[in-house]
2 protein chains.
Amino acid sequence: MNRKLPDKTVERLSQYRRALLNYKSSGKHHIFSHEIANLLHITAVQVRRDIMLIGYTGTLRQGYDVQDLIDIIGKIIDTKEGQKVAVVGIGNLGRAIMGYFSGKRTRLTITAAFDSNPEKVNRIYAGIPCYHIEKLTEIIRNEGISIAVISVPGEFAEKVAQDLVMAGIKGVLNFSPKPLNMPSHVYLQEFDMLTILEKVAYFVKKS
Amino acid sequence: MNRKLPDKTVERLSQYRRALLNYKSSGKHHIFSHEIANLLHITAVQVRRDIMLIGYTGTLRQGYDVQDLIDIIGKIIDTKEGQKVAVVGIGNLGRAIMGYFSGKRTRLTITAAFDSNPEKVNRIYAGIPCYHIEKLTEIIRNEGISIAVISVPGEFAEKVAQDLVMAGIKGVLNFSPKPLNMPSHVYLQEFDMLTILEKVAYFVKKS
DNA sequence: ATAACATTGTTATTAAAATAACAGTAATTT
DNA sequence: AAATTACTGTTATTTTAATAACAATGTTAT
Ligand SMILES: NC(=O)c1ccc[n+]([C@@H]2O[C@H](COP(=O)([O-])OP(=O)(O)OC[C@H]3O[C@@H](n4cnc5c(N)ncnc54)[C@H](O)[C@@H]3O)[C@@H](O)[C@H]2O)c1
Ligand SMILES: NC(=O)c1ccc[n+]([C@@H]2O[C@H](COP(=O)([O-])OP(=O)(O)OC[C@H]3O[C@@H](n4cnc5c(N)ncnc54)[C@H](O)[C@@H]3O)[C@@H](O)[C@H]2O)c1
């Protein structure tokens with residue numbers, strides 16, 4: 001529970017929880033590993049192994065208690081107070097992300113957006129205030145924002161990333177096509193749509 | 001060159017190419033592995049190993065010929081005719097994706113969009129026609145579209161995926177939060193923003 | 001009561017990816 | 001000319017992730 005879990009296990013835990021919350025609303029209280037596996041289209045062994053890693057145990061007769069499992073995953077992923085997220089770059093992608101999160105009930109809350117375009121600042125997008133990029137450090141520090149999503153054009157991504165680090169951010173999700181370099185105490189996740197689609201194209205070609 | 005390359009190598013090749021195209025515009029014709037590595041913030045060994053896998057060799061004195069490397073990566077990733085891509089679900093995310101691609105010069109071309117909302121169909125978004133979802137099979141077959149991006153709400157994703165498979169699609173990039181199941185001849189890549197942000201949150205918490 | 005079954009939890013094995021080690025080589029320095 | 005340097009290309013090792021194997025256990029069927 002205290003030891004760091006594998007990257008991929010954490011991703012699946014997030015998905016288990018989401019699937020379980022949905023499953024729970026159908027009124028069932030228990031679930032078997034192979035049922036969870038079916039929801040995610042993975043194997044039951046993978047599910048049991050992940051659950052073993054988080055130290056939870058089910059029962060032979062009924063499998064896992066749905067609510068218990070949801071709670072335990074919550075204890076692993078969430079913090080008590082929740083974590084605050086900022087979105088930097090309120091273009092098409094930034095706004096899509098904010099719209100997507102505005103509906104969600106999660107312990108991750110987007111509480112601030114930043115842009116350099118004067119026409120975008122001091123407005124509210126999906127319920128979230130957009131500040132001028134110059135306020136970045138101040139607001140991130142004051143609000144205790146620990147995670148940032150970068151969705152500015154590539155040429156500005158590096159500067160934004162540096163400022164985020166200086167402001168004390170601890171985790172970054174970078175959607176810009178510019179590969180970033182972060183100090184080791186900042187967790188960096190990058191996702192590039194063109195790269196990923198070109199990968200799909202390669203495997204389509206090969207198949 | 002013919003043998004299937006590792007997943008992660010293909011992703012990096014796409015990034016190498018993009019970085020090299022940019023590097024080329026600075027007028028330089030040759031590049032060393034450690035220079036490529038610096039552009040992507042990875043190690044030079046990783047770069048050389050990837051390049052070894054694609055069967056290209058540089059020279060001791062000058063490193064790699066930039067244009068040659070770009071061309072060889074192109075031969076690996078691209079098809080001669082290019083590949084056509086469809087986007088299904090023209091909401092905030094779908095439109096952001098279309099806007100993002102409309103500027104790019106790539107052998108991947110988004111040629112059709114689909115939606116179920118009558119107000120969205122028969123309009124042009126970022127230069128791409130949006131058809132009613134009922135035309136999916138017809139248009140995908142007629143146009144020879146081989147790759148699809150799914151950006152419909154989770155509850156419709158499964159149906160869309162089935163229809164795409166029936167229509168003969170060969171690769172899918174799924175942004176909906178619903179995990180999909182594909183026959184083995186269809187390459188599936190999933191990306192879920194909430195999962196990935198929760199993973200970032202976990203590692204932020206742990207650090 | 002015993003055998004067959006279905007399930008969990010764990011260890012063992014395999015596969016994929018990253019990293020390290022190092023041999024080879026041309027140019028440069030001593 | 002020998003040693004040094006700065007690279008590439010390849011093999012070896014380590015790390016991470018996935019898969020397989022199987023022991024343990026309560027349940028059901030015979
Ligand atoms: N749209 C997509 O689906 C998509 C997909 C993958 C990657 N991306 C990448 O994400 C980024 C954003 O994409 P987009 O489509 O939203 O682009 P966009 O041009 O619509 O939006 C970019 C926004 O960033 C703002 N901005 C520019 N410089 C800034 C700075 N220094 N500080 C703060 N804000 C700044 C701009 O004012 C604009 O609002 C780009 O790097 C793009 O390559 C987009
Ligand atoms: N916005 C984001 O950044 C984001 C991020 C991650 C994931 N997602 C996921 O991507 C999907 C789309 O997100 P969005 O923000 O664009 O949502 P959205 O509601 O803005 O758009 C969804 C679109 O899909 C269309 N649609 C619905 N049913 C359809 C069907 N059967 N066939 C064709 N089209 C159909 C709707 O008419 C609408 O235009 C959702 O599943 C969402 O969970 C969005």
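Here is how names work: the chains are called A, B, and so on, in the same order as the sequence lines, proteins then strands, and each is numbered from 1.
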Could you report the tightest heavy-atom contact between I73(A) and I54(A), atom names first, then the distance? CG1-CD1, 4.4 Å
Need to verify one output field. Residue with the more 5' nearest nucleotide on DNA chain D, M52(B) or L60(B)? L60(B)
Hey, does the side-chain of R49(A) have a donor or acceptor N/O within less than 3.5 Å of a partner on the base of dT10(C)? no
Most 5' of D50(A) and G63(B) on DNA chain D, judged by nearest nucleotide: G63(B)
Please give, in whole Å, the distance from dT8(C) C1' to D65(A) CG? 15 Å
If you measure from NZ on K120(A) to CZ on R95(A), what distance do you get to the nearest 0.5 Å? 5.0 Å
Quick one: do D50(A) and K8(A) make a salt bridge, cutoff under 4.0 Å? no
Spacing of F203(B) atom CZ relative to dT16(D) atom C1', expressed in whole Å: 12 Å
Please tell me which of the listed nucleotides, dA17(D), dA18(C), dT8(D), lies nearest to the side chain of F32(B)? dT8(D)
Indicate, with a heavy-atom threshold strictly under 4.0 Å, whether R61(A) touches base, sugar-phosphate, or nothing. sugar-phosphate
T9(A) near the nucleic acid: base, sugar-phosphate alone, or nothing, with a heavy-atom cut-off under 4.0 Å? nothing
note: K4(B), atom NZ; dA15(C), atom C1'; distance rounded to Å ~ 15 Å
Rounded to whole Å, the NZ-P distance (K8(B) to dA16(C)) equals 13 Å
Check whether any side-chain nitrogen or oxygen of S33(A) sits under 4.0 Å from OP1 or OP2 of dT8(C), and answer yes or no. yes
Take atom CG of D7(A) and atom C1' of dA16(C), then tell me their distance rounded to the nearest Å. 15 Å
As a test of reading the structure: which of dA18(D), dA20(C), dT25(D) is closest to the side chain of R12(A), going by heavy atoms? dA18(D)
Without decimals, in angstroms, what is the distance between K199(B) NZ and dT16(D) C1'? 13 Å
Whole angstrom is fine here: how far is it from CZ in R48(A) over to P in dC22(D)? 15 Å
Out of dT19(C), dA17(D), dC7(D), which nucleotide sits closest to the side chain of T43(B)? dT19(C)
dA16(C) P sits how many Å from Q46(A) CD, rounded? 14 Å
Indicate yes or no: at least one non-hydrogen side-chain atom of F114(A) is less than 4.5 angstrom from one of I90(A). no
V45(A) side-chain proximity, nearest of dA18(C), dA20(C), dA20(D): dA20(D)
So, K159(B) and D163(B), do they make that salt bridge, N to O below 4.0 Å? yes
For the side chain of T57(B), starting at C-beta, report the closest nucleotide among dC22(D), dT8(D), dG9(D). dG9(D)
